[in-house]
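I have placed the structure first, in the form of structure tokens, so that the comments after it can refer back to it.
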Amino acid sequence: MVIRFMINEKEVEVDVNPSELLIEVIREKLGLTGVKESCSLGNCGACTVLLNGKPVNSCLILAAEVEGATILTVEGLAKNGLSSLQEAFHKEGAVQCGFCTPGTMMTLTALLETDKHPTEEQIRKALEGNLCRCTGYGRIVNAVKSVTKATNNQ
Amino acid sequence: MLRQRLYKADYIKAGTLEKAISILESRSDVYVLAGGTDLIPALKIGKIQQDSKVLLDVKYIPELRKMQFIEEKVHIGAAFTATEIALSTEKHPALRLLAEAANTLGTWQVRNRATIGGNICNASPAADLAGPLLCADAQVKVVKRGKEKLVKIKDFLRGPGQVELAKDALVTEFILPPLDNDYMCKFIKLTWRKGLDLAICGVSVLGKVLSPNRIKDVRIALTSVAPKPIRLFEVEKLLNDNSFEDLKIDQAITELVLKAISPIDDARASAWYRQRVCPQLTLRALNHLRGLVN
């Protein structure tokens with residue numbers, strides 16, 4: 001079946017099997033391998049993408065379900081250079097092995113869209129579904145705080 | 001065995017209730033697909049057979065997407081997501097309790113897809129949305145060809161993974177009966193980590209707090225401590241008839257809770273631990289309600 005949807009502001013048309021998952025279409029048919037697969041069961045969040053602006057586990061969604069939808073992956077974050085969140089991650093050292101990072105970034109990008117000044121509690125709550133074994137979340141939270149501080153100063 | 005992919009499943013999107021019912025009637029190899037957050041993992045780990053099945057997408061059926069307030073009752077379409085419910089600002093006390101619980105379900109990513117219909121029909125004994133629905137004495141609207149019926153939530157939930165639902169029927173909505181706006185509610189979910197985990201024990205309390213020592217028409221529901229989510233009818237009766245100042249009421253409540261629950265050892269906690277923590281969480285929730293009134 002052919003499905004049409006927007007991904008990273010581009011319209012795409014893909015022929016998929018009914019049982020193909022969104023993550024395999026994004027990675028293998030569209031070549032966007034930024035999204036990672038780890039637990040496959042919707043716990044770890046490494047596969048997080050934004051579907052109509054909302055973070056979702058792409059390992060739990062059939063490609064067929066995204067007909068007409070708008071998807072954003074990590075490859076779509078840098079428009080005129082890196083996004084402010086990407087810059088902050090870099091400056092604050094919030095990336096170690098980097099495997100959780102695409103998923104974490106998508107969740108936090110969505111968070112900052114809905115709330116420009118999240119509290120630390122809200123940031124950590126938003127990250128419930130993004131497991132990071134390396135950083136202990138400290139520098140990730142600092143990165144978000146540095147973005148909100150910069151927003152304050154504007 | 002974890003298979004990361006689905007291989008031979010077919011997908012059908014039902015645009016209307018009519019079409020969904022007709023497919024459920026005419027085929028025996030159908031799984032209803034709503035949010036997919038329970039179904040897809042179950043197919044991947046082999047909990048249910050994946051080969052040659054049809055996944056029937058019900059998310060777009062209008063009857064499952066209606067949120068209505070009719071004669072002070074709240075009608076929540078079965079395809080509403082946990083996020084949508086968690087963000088509700090409606091004042092109906094049972095909906096506030098439901099929203100509190102919905103906000104703890106899984107993770108943000110899961111909440112954006114998981115539906116109330118799926119959470120209830122999956123019928124985990126730990127189902128987060130079951131406690132508030134039980135406290136509300138909610139009704140489940142079940143639709144078959146040419147007829148619909150309302151089933152009380154406590155009768156709908158039969159056991160672990162079992163609900164009162166025929167193969168050719170579909171849950172379309174949940175109905176919360178009227179409740180005065182001054183009912184108070186509290187939801188407590190004990191988990192190992194701050195998010196993501198299934199409950200060790202979940203407590204939902206709803207009641208009219210007359211004074212710090214009297215609660216009227218209290219409803220208490222527990223999850224994860226019995227084969228299905230349960231109401232504590234005997235504790236409710238005790239509280240309706242007695243004041244919190246009565247001697248040893250904490251002990252009486254504890255004893256009644258222990259009588260009502262039948263926890264098991266599982267990945268999250270032992271039965272031993274649940275027996276110790278469950279009465280304490282129940283008291284904590286009740287005391288929270290008492291503290292809301294001066």
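The figures that follow rest on heavy atoms only: side chains count, while hydrogens, waters and symmetry mates do not. Just so it is clear: chains get the letters A, B, ... in the order the sequence lines come, proteins before strands, and each one is counted from 1.
Only the side chain of A:M1 comes within less than 4.5 Å of a heavy atom in chain B; its backbone stays farther off. Contact annotation for B:D10: both backbone and side-chain heavy atoms come within less than 4.5 Å of a heavy atom of chain A. For A:C39, the part lying under 4.5 angstrom from a heavy atom of chain B is the backbone only. Within the 4.5 angstrom heavy-atom criterion, no atom of A:E67 approaches chain B. Looking at A:L41, both its backbone and its side chain come within 4.5 Å of chain B, counting heavy atoms on both sides. Neither the backbone nor the side chain of B:R3 comes within less than 4.5 Å of any heavy atom in chain A. Of the two parts of A:L127, neither the backbone nor the side chain holds a non-hydrogen atom closer than 4.5 Å to a non-hydrogen atom of chain B. Contact annotation for B:R113: only side-chain heavy atoms (C-beta onward) come within less than 4.5 Å of a heavy atom of chain A. Using a 4.5 Å cut-off between heavy atoms, B:K53 does not touch chain A at all. If you measure heavy-atom distances from B:L2 to chain A, the contacts under 4.5 Å come from the side chain alone. Looking at B:K13, neither its backbone nor its side chain comes within 4.5 Å of chain A, counting heavy atoms on both sides.
For the atom pair CD1 of B:I188 and CG of B:L281, the computed distance is 6.0 Å after rounding to the nearest 0.5 Å.
Side chain to side chain, A:T73 and A:N8 meet the donor-acceptor criterion of an N or O pair below 3.5 Å.
Under the 4.0 Å criterion applied to side-chain N and carboxylate O atoms, B:R65 and B:E84 are assigned as salt-bridge partners.
In this structure, B:Q4 places its CD atom where more than 12 heavy-atom neighbours from other residues, nucleotides or ligands lie under 6.0 Å away. By the 6.0 Å contact criterion, NE2 on A:H90 is open, its count of non-hydrogen atoms from other residues, nucleotides or ligands being 12 or less. Residue-environment remark: NZ (A:K54) stays at or below the threshold of 12 foreign heavy atoms within 6.0 Å. Around CZ of B:R284, the count of heavy atoms belonging to other residues, nucleotides or ligands within 6.0 Å does not exceed 12.
Across A:I140, A:V147, A:N142, a single residue satisfies side-chain contact (heavy atoms from CB on, under 4.5 Å) together with A:F89, and that is A:I140. Here the options are B:D197, B:L196, B:T104, the test is side-chain contact (heavy atoms from CB on, under 4.5 Å), and the partner is B:T191; only B:D197 passes. Each of B:Q109, B:K194, B:R111 was checked for a side chain to side chain donor-acceptor pair (under 3.5 Å) with A:E128, and the lone residue meeting it is B:R111.
When each of A:P18, A:S19, A:A64, A:G42 is checked for heavy-atom pairs under 4.5 Å with chain B, A:S19 comes out on top. Chosen from B:I40, B:L55, B:T37, the residue pairing most often with chain A at heavy-atom distances under 4.5 Å is B:I40. Of the listed residues B:I12, B:L39, B:T83, B:L33, the one with more heavy-atom pairs under 4.5 angstrom with chain A than any other is B:L33. Interface check for chain B: of the options A:L62, A:L51, A:L131, the most heavy-atom pairs under 4.5 Å are formed by A:L62.
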